[in-house]
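To start, the structure itself, in structure tokens.
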Amino acid sequence: MSPSYWLWQRILLLELQFIHHTSFLERFPLLKPLHRNITADVRILGQEKNCRVGFNVKFRTPYLHLPVKVEKTQIGIENEKNTFQPGAFRFFDWQSWAHIAGKIDWQGEHEANLKGKRLIFISGFSYRVHAVPSDIENLGIRLAEGVEGYTRVLWSRDIRRMRFDPIYWMLEPTNSSCKVVAIKDHKLMVMIVSLSEIGSGNMRLYDRAVRRLVEWVGTELVNLNPEKTLLKFLSIVRDWGPLNMNPLFHGLKEVLERLQIEDQERIIFDFYADNWGLRNNRQGRLLAVKTLEALATAKARRALHEILVLVKNQEVEPQERLLIRYAIRGITENLSKK
């Protein structure tokens with residue numbers, strides 16, 4: 001064993017011990033951010049012949065990003081015909097949760113005899129799928145075991161069951177490939193998937209997705225007053241929603257109508273202002289303008305005029321100012337037809 005390999009192993013073991021012994025921090029909200037769990041890097045593979053979707057997974061530690069070895073059988077096994085049978089791992093359709101069959105290539109295989117038992121560990125794998133059903137809108141990846149997410153890690157001459165994050169990844173389709181979105185919270189997962197389904201413009205999914213969003217807000221943000229509820233909802237949409245997909249905003253209009261929060265237009269104006277100045281979040285400002293445009297009320301038009309006044313003497317990109325003017329013009333035309 002070379003000195004460098006020995007040193008690397010010692011550092012890895014120390015980090016695993018730190019992760020293990022600080023797990024109690026998750027019970028304290030203020031200290032929870034200090035603790036992290038075993039994780040993985042997920043990367044979409046480039047276009048390959050006879051491969052519709054492909055991705056690569058590498059298991060690593062959360063602080064120093066050192067590669068870790070996990071027990072191979074928890075991902076799955078290959079039978080005598082080289083057909084892959086998944087274990088805890090799932091590459092699935094969000095709507096049916098059915099696993100999608102593909103070809104797996106193991107990385108960093110390592111055999112170890114632990115307490116008289118022969119086990120095989122891996123540091124990662126690649127997965128390729130030749131055909132995906134055409135009616136599937138969103139794909140998901142699940143790597144860990146159990147509801148809370150655990151993985152079996154090689155720990156020196158032993159094996160330990162350790163917490164794993166994130167719980168899921170979602171592969172959000174783009175024009176040329178997929179965007180990998182890590183989801184660390186079961187509750188947030190419902191929100192993200194619903195937003196993506198609405199943004200896709202697929203009317204087969206639309207009604208159910210809108211209903212789920214309304215139920216989610218009513219359940220998860222129930223302890224906030226109406227104004228804070230809407231501001232929190234908009235913040236989550238800003239951070240996780242597919243804002244480049246125009247059908248999303250029609251869905252948001254319907255969600256807001258069902259929530260029946262008074263003075264919505266004024267709250268959305270406040271949200272625009274909150275994303276100005278020091279915060280300077282262009283995505284938040286885009287969300288506010290497009291949502292007001294979708295509401296298409298006289299109050300929404302007044303809010304947009306106030307936004308235009310707000311940015312009048314500010315250093316705003318011409319495109320953003322033009323977006324506000326187009327939104328005002330669109331509402332004006334709609335109101336004149338009524």
Side-chain angles (χ1 to χ4, degrees), residues 4-5 7-16 18-20 36-48 50-79 82-92 99-114 118-130 132 139-146 148-172 177-184:
S4 60
Y5 181 78
L7 180 60
W8 175 82
Q9 285 290 320
R10 291 300 301 169
I11 294 172
L12 173 61
L13 183 58
L14 287 172
E15 184 172 359
L16 291 176
F18 178 79
I19 297 167
H20 176 69
R36 300 176 192 171
N37 298 306
I38 298 297
T39 187
D41 291 324
V42 178
R43 181 177 61 85
I44 298 298
L45 299 175
Q47 293 292 327
E48 300 178 5
N50 297 325
C51 178
R52 172 78 182 277
V53 178
F55 56 89
N56 186 65
V57 175
K58 291 184 178 180
F59 297 98
R60 63 173 177 81
T61 60
Y63 298 100
L64 301 178
H65 310 296
L66 299 174
V68 295
K69 294 186 179 294
V70 304
E71 191 178 350
K72 183 178 178 180
T73 56
Q74 77 174 31
I75 302 301
I77 60 172
E78 291 175 287
N79 59 25
N82 291 325
T83 300
F84 175 69
Q85 296 176 333
F89 164 68
R90 288 287 187 278
F91 180 54
F92 61 92
H99 175 73
I100 300 172
K103 184 179 185 301
I104 195 163
D105 294 304
W106 307 105
Q107 297 169 1
E109 285 190 74
H110 174 78
E111 184 177 321
N113 288 301
L114 303 178
R118 175 180 170 272
L119 297 173
I120 299 177
F121 295 84
I122 58 165
S123 60
F125 64 91
S126 294
Y127 196 74
R128 294 172 174 83
V129 175
H130 297 311
V132 176
L139 299 167
I141 300 173
R142 165 91 169 166
L143 295 176
E145 300 174 319
E148 293 183 341
Y150 284 88
T151 188
R152 300 193 297 276
V153 177
L154 179 62
W155 182 307
S156 186
R157 298 180 184 277
D158 198 2
I159 187 171
R160 293 285 179 93
R161 193 166 179 263
M162 302 184 70
R163 284 286 300 273
F164 184 92
D165 284 327
I167 296 172
Y168 297 96
W169 284 266
M170 184 175 73
L171 303 188
E172 187 176 275
S177 181
C178 292
K179 176 183 176 183
V180 181
V181 181
I183 305 175
K184 297 185 178 183

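Below, all heavy atoms of this structure are taken into account, side chains as well, without hydrogens, waters or symmetry copies.
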### side-chain hydrogen bond (donor to acceptor under 3.5 Å, both in side chains) partners for Gln85, two or more places apart
none
### Query
Can you name the residues that form a salt bridge (charged side-chain N to carboxylate O under 4.0 Å, His left out) with Lys103, not counting sequence neighbours?
Asp105
### Message
Using 0.5 Å steps for rounding, measure from the CD1 atom of Ile77 to the CD1 atom of Ile120.
### Response
11.0 Å
#### Entry: Side chain proximity check, Tyr168 to Val181, heavy atoms < 4.5 angstrom
no
### Qualifying residues under side-chain hydrogen bond (donor to acceptor under 3.5 Å, both in side chains), relative to Arg157, sequence neighbours excluded
none
### side-chain contact (heavy atoms from CB on, under 4.5 Å) evaluation trace for Leu114 with Leu154
CA-CA 10 Å; Leu114 303 178; Leu154 179 62; 4.1 Å; yes
### Task
For Trp106, check ring pair (Phe, Tyr, Trp, His ring centres under 6.0 Å) against everything at least two apart and list the hits.
none
### Task
For Glu71, enumerate each residue passing the side-chain hydrogen bond (donor to acceptor under 3.5 Å, both in side chains) test, keeping only those at least two apart in sequence or located in another chain.
Thr73, Arg152
## Note on the structure
Sorted by chain and residue number, the ring pair (Phe, Tyr, Trp, His ring centres under 6.0 Å) partners of His20 (sequence neighbours excluded) come out as Trp155
### Task
Could you tell me which residues satisfy ring pair (Phe, Tyr, Trp, His ring centres under 6.0 Å) with Phe55, sequence neighbours excluded, listed by chain and number?
Phe91, Tyr127
### Task
Classify the ring geometry between Phe84 and His99 as parallel (under 30°), tilted (30 to 60°) or perpendicular (over 60°).
tilted
### Task
To the nearest 0.5 angstrom, please state how far the NE2 atom of His110 sits from the CZ atom of Phe121.
7.5 Å
### Query
Is there a side-chain contact between Ile104 and Ile75, using heavy atoms and a 4.5 Å cut-off?
yes
### Summary
Heavy-atom nearest pair, Ala88 first then Ala144, reads CB-O, 3.5 Å
### Query
In Å, rounded to the nearest 0.5 Å, how long is the span from CZ of Arg163 to CD1 of Ile38?
12.0 Å
### Task
Using the test side chain to side chain contact (heavy atoms under 4.5 Å, CB included), find all partners of Ala182 that sit at least two apart in sequence or belong to another chain.
Pro166, Trp169
Distance-only check: which donor-acceptor pairs under 3.5 Å involve side-chain atoms of residues 56-70, not counting sequence neighbours?
from  : atom 1 : to     : atom 2 : distance (Å)
Asn56 : OD1    : Gln107 : NE2    : 2.6
Asn56 : OD1    : Ser126 : OG     : 2.7
Arg60 : NE     : Asp41  : OD1    : 2.8
Arg60 : NE     : Asp41  : OD2    : 3.0
Arg60 : NH1    : His65  : ND1    : 2.7
Arg60 : NH2    : Asp41  : OD1    : 3.3
Thr61 : OG1    : Glu15  : OE1    : 2.9
Thr61 : OG1    : Glu15  : OE2    : 3.2
Thr61 : OG1    : His65  : N      : 3.3
Thr61 : OG1    : Leu66  : N      : 2.8
Tyr63 : OH     : Leu34  : O      : 2.7
Tyr63 : OH     : Arg36  : N      : 3.0
Lys69 : NZ     : Gly108 : O      : 3.0

### Message
Can you confirm whether Ile44 sits close enough to Leu171 that some side-chain heavy atom of one is under 4.5 Å from a side-chain heavy atom of the other?
### Response
yes
### Counterpart residues, side-chain hydrogen bond (donor to acceptor under 3.5 Å, both in side chains), relative to Asp165 (two or more places apart)
Asn37
### Query
Roughly how far apart are Ile167 CD1 and Ile183 CD1, rounded to 0.5 Å?
9.5 Å
### Query
With sequence neighbours excluded, what pairs up with Glu109 under the salt bridge (charged side-chain N to carboxylate O under 4.0 Å, His left out) test?
Lys72
### Task
Only counting residues at least two apart or in another chain, list the ones meeting side chain to side chain contact (heavy atoms under 4.5 Å, CB included) with Asp158.
Lys115, Arg160
